[in-house]
J.: 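Would you mind keeping the following structure in view while I ask a few things?
For reference, positions follow the sequence shown, starting with 1. Bear in mind the structure is a predicted one, so any value in this text is a computation, not a measurement.
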Amino acid sequence: MRPDSELTVDGVPVCLRRLVRTVPSARLRLSAGLPCRWSVFGADGQGWFPEGAPRRHDFHGLPYFHGDDLVLDVPADTLTVTVTRGMEYGEALTAVTLSPARSTPYG
């Protein structure tokens, strides 16, 4: 959806400008040296996934995907990144603040 998209309800136009937030894009590279379970999400809970990854959410509603050495197109904003390997391992969690049009490595 874009701010200039048009929507009508029962023939009445609805303004979408307040529903769409435009943010510059950035790239986030995730690497752990072996396949892991990753979650990348914003303060509003919106999840971000690598291209082609299934859009999965766990029991708590958190988005997740598996892989290693992945690149995601994300908003240039502060995002939370979690990574874990399995039940026998701990989970790492951090907040990353991304700059527009730059690639930011994590892992």
J.: Give me each pair satisfying salt bridge (charged side-chain N to carboxylate O under 4.0 Å, His left out) with a member in residues 40-49, each pair once, sequence neighbours excluded.
T.: none
J.: With rounding to the nearest 0.5 angstrom, report the CG to CG distance, Leu30 to Asp68.
T.: 9.0 Å
J.: Is there a side-chain contact between Pro50 and Phe65 (heavy atoms, below 4.5 Å)?
T.: yes
J.: What residues form a side chain to side chain donor-acceptor pair (under 3.5 Å) with Asp69, not counting sequence neighbours?
T.: Arg29
J.: Taking only residues two or more places apart in sequence, or in another chain, which ones meet Tyr64 in a ring pair (Phe, Tyr, Trp, His ring centres under 6.0 Å)?
T.: His66
J.: Nearest 0.5 Å please: distance from the CG atom of Leu93 over to the OG atom of Ser39.
T.: 9.0 Å
J.: What is the distance from atom CD of Gln46 to atom CG of Leu79, rounded to the nearest 0.5 Å?
T.: 10.0 Å
J.: Do Thr94 and Val96 have side chains that get closer than 4.5 Å, going by heavy atoms?
T.: yes
J.: With Asp73, which residues qualify under side-chain contact (heavy atoms from CB on, under 4.5 Å), at least two apart?
T.: Arg27
J.: Would you mind reporting whether Phe49 and Pro63 have side-chain heavy atoms less than 4.5 Å apart?
T.: yes
J.: For Thr80, what residues pass the side chain to side chain donor-acceptor pair (under 3.5 Å) criterion, not counting sequence neighbours?
T.: none
J.: According to the salt bridge (charged side-chain N to carboxylate O under 4.0 Å, His left out) rule, which pairs have a member within residues 81-100, sequence neighbours left out?
T.: none
J.: Report the distance from atom CH2 of Trp38 to atom OG1 of Thr84, rounding to the nearest 0.5 Å.
T.: 10.5 Å
J.: Could you go through Val40 and Leu28, starting from their C-alpha distance and side-chain angles, then the distance that decides it, and tell me whether this counts as side-chain contact (heavy atoms from CB on, under 4.5 Å)?
T.: CA-CA 10 Å; Val40 178; Leu28 178 64; 4.0 Å; yes
J.: Just how far is it from atom CG of Leu98 to atom CG of Asp77, taken to the nearest 0.5 Å?
T.: 8.0 Å
J.: I need the minimum non-hydrogen distance between Ala76 and Ser99, along with the two atoms involved.
T.: CB-C, 3.8 Å
J.: Can you measure from OG (Ser31) to CG (Leu34) and round to the nearest 0.5 angstrom?
T.: 9.0 Å
J.: My understanding is that a hydrophobic cluster links ILVMFWY residues whose side chain heavy atoms are under 4.5 Å apart, including indirect links. Using that, what else belongs to the cluster containing Tyr89?
T.: none
